[in-house]
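Taking it in order: structure first as structure tokens, then the write-up.
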Amino acid sequence: ASAEDCGIVVFGASGDLVQRKLIPALYGLHLRNLLPSRFYILGFARSDMTDEQFRGRMREAITAAHAEHPAAVAQEKLDAFLAMCRYVSGDYNDPRAYERLSMRCSTCDRDFDATGNRLFYLALPPDLHPVVTRRLAEADLTDEGPQGRPWARVVFEKPFGHDLASALHLDSLLGRTLAPSQIFRMDHYLGKETVQSVLMFRFANAIFEPLWNRRYIDHVQITTAESLGVEHRGGYYDNAGCLRDMFQNHMLQMLAITAMEPPASFQAESVRDERVKLMRSLRPWPCGDTGGELCNWVVRAQYEAAPGGASSLPAYRNEPDVAPDSVTETYVAAKVLIDNWRWQGVPFMLRSGKALHRKVTEIAVTFRRVPHVLFGLSSKAQMPANVLVLKIQPDEGIDLTIQAKQPGPKSCMSTMALSFKYKDIFGVTPPDAYERLLLDCMQGDRTLFWSREEVEAAWSLIDPVLSEWAAHPQRCPLHTYPAGSWGPQAADALMRSIGARWRRPPEMGGTHEQ
Ligand code: BG6
């Protein structure tokens, strides 16, 4: 299917996400001639701006996003793109603003000869999702025509709710105002080319799936490390924290696609059903009466300044818009068990944090060691395990470590990597996740979007931990780690509890293979 003619109404148009990700992604689609022929972008936000001022900002945003490849900002192409951009301002809770919006949409439909299909993109904090959804419905903006033509779709940026209760509240509101086919819950990790290639890798190759279980896999490490701090998002982040910002969504999705059962087809419902089945099999962490145990499963920490160290970031508490006595976690490491036949007893070790040594996202599957050591090692030494690393970003690719004989008369072994690098093979870096997902919205394909059931399952796991932390802060202390390090020592201890070490191979800026 190709993208259908439509207008995209972007809420939160003056915000960070729109300028850094959304508009550059739409421009990327424009450069590759993938936008529909009849198309427009209508920004909506509180700030007063004319169409011209909005275009000026979007021009700056696109130029900044392509700073490394200025040639991509061809003036003629950019002018043609900006000519499709318009703006309307208003308060998100003011019905009159939606009347103005409705009129602007009709004018744009006419001016751009569009068919009335509309995509409403809520690049807004979760507390505004219910308000905007309700106001859109009251202004009849989310009504669809007969047989869904013209269509109206609403995209919700993560996080979906602030906790389980608010997520359920939002869901019940959505259930009253929108049909399921109109709802797109966006998690940009699902749109990453290399995240999708995990599914291809698992289900389009015969050799790994037979090994993909408790008999052959020792443990799995999923890492999303960022070297940046909270930058100018302190206000949002201090209310959210790492568990909400990264774990409830991106981390659990990566876990789901790594561990889910093969779907019967690649249709949206089949794939989403398998993801939700997996999420429902995650063993709840000990909270409430058994809460004292939680720190043996989930470690939280916050970064500190490290003068003279690897990072020049200030302490998290000194970041702009962060409370000076904040107890918000900027790092989480967790042990997750999956209660099903395939994965019984296999620990999935997840870690994510800001201000870490370097940016890297990867899924590393460590296989069990060989049962008997033949080659020249002392009786105490262990043969290194095979590790399969699905490298999500940067240096997208796949590595499989094997043991091989070193040349020479002795039986010396070395660990080698069979390595596939996306860039070397395909000659390009993968396209941006937002481009793919925006196209999917315009085509009505919801495979790579969260279902209501997934959101609930994910919050059901996360919510008790948030409550436990709030109710018993002393049981699960907030550790600290120096900015630019690999995280707190407590996370290393968590890893030792399963007899392993966090990966810090050279390409992760470390000095040893785990
Ligand atoms: C976002 C989080 O969803 O993902 C950010 O809100 C985080 O805090 C970002 O920095 C990471 O995305 P990526 O694509 O840069 O790994």
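Atoms within a ligand are numbered from 1 in the order they appear, just like the ligands themselves. Residues take their numbers from the sequence shown, with the count starting at 1.
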task = Let me know which of Leu170, Asn249, Leu174, Leu190 forms a side-chain contact (heavy atoms from CB on, under 4.5 Å) with Arg185.
result = Leu174
key: Side-chain ion pair, Lys391 and Glu362, N-O less than 4.0 Å   = no
inquiry  = If you count every heavy atom of other residues, nucleotides or ligands that lies below 6.0 Å from Gln489 atom CD, does the total exceed 12?
reply    = no
Check ligand 1 for close polar pairs with the protein: N or O on both sides, less than 3.5 Å.
from     : atom 1 : to     : atom 2 : distance (Å)
ligand 1 : 3 (O)  : Lys158 : NZ     : 2.7
ligand 1 : 3 (O)  : His250 : NE2    : 2.7
ligand 1 : 4 (O)  : His250 : NE2    : 3.4
ligand 1 : 6 (O)  : Lys158 : NZ     : 3.0
ligand 1 : 6 (O)  : Arg233 : NH2    : 2.9
ligand 1 : 6 (O)  : Asp245 : OD1    : 2.6
ligand 1 : 6 (O)  : Asp245 : OD2    : 3.4
ligand 1 : 8 (O)  : Arg233 : NH1    : 2.9
ligand 1 : 8 (O)  : Asp245 : OD2    : 2.6
ligand 1 : 8 (O)  : Lys354 : NZ     : 2.8
ligand 1 : 10 (O) : Glu226 : OE1    : 2.6
ligand 1 : 10 (O) : Glu226 : OE2    : 3.2
ligand 1 : 10 (O) : Lys354 : NZ     : 3.0
ligand 1 : 12 (O) : His188 : NE2    : 3.2
ligand 1 : 14 (O) : His188 : NE2    : 2.8
ligand 1 : 14 (O) : Lys192 : NZ     : 2.6
ligand 1 : 15 (O) : Lys359 : NZ     : 2.9
ligand 1 : 16 (O) : Tyr189 : OH     : 2.5
ligand 1 : 16 (O) : Lys359 : NZ     : 3.2
ligand 1 : 16 (O) : Gln393 : NE2    : 2.7

query = Where do Arg351 and Gln221 land on the side-chain contact (heavy atoms from CB on, under 4.5 Å) test, with the steps shown first?
reply = CA-CA 8 Å; Arg351 65 175 159 165; Gln221 296 188 22; 4.2 Å; yes
inquiry  = Using only atom types and a distance under 3.5 Å, with no angle test, would you say the side chain of Arg118 pairs donor to acceptor with the backbone of Val9?
reply    = no
query = Any Lys/Arg nitrogen of Arg436 or Asp440 sitting under 4.0 Å from an Asp/Glu carboxylate oxygen of the other?
reply = yes
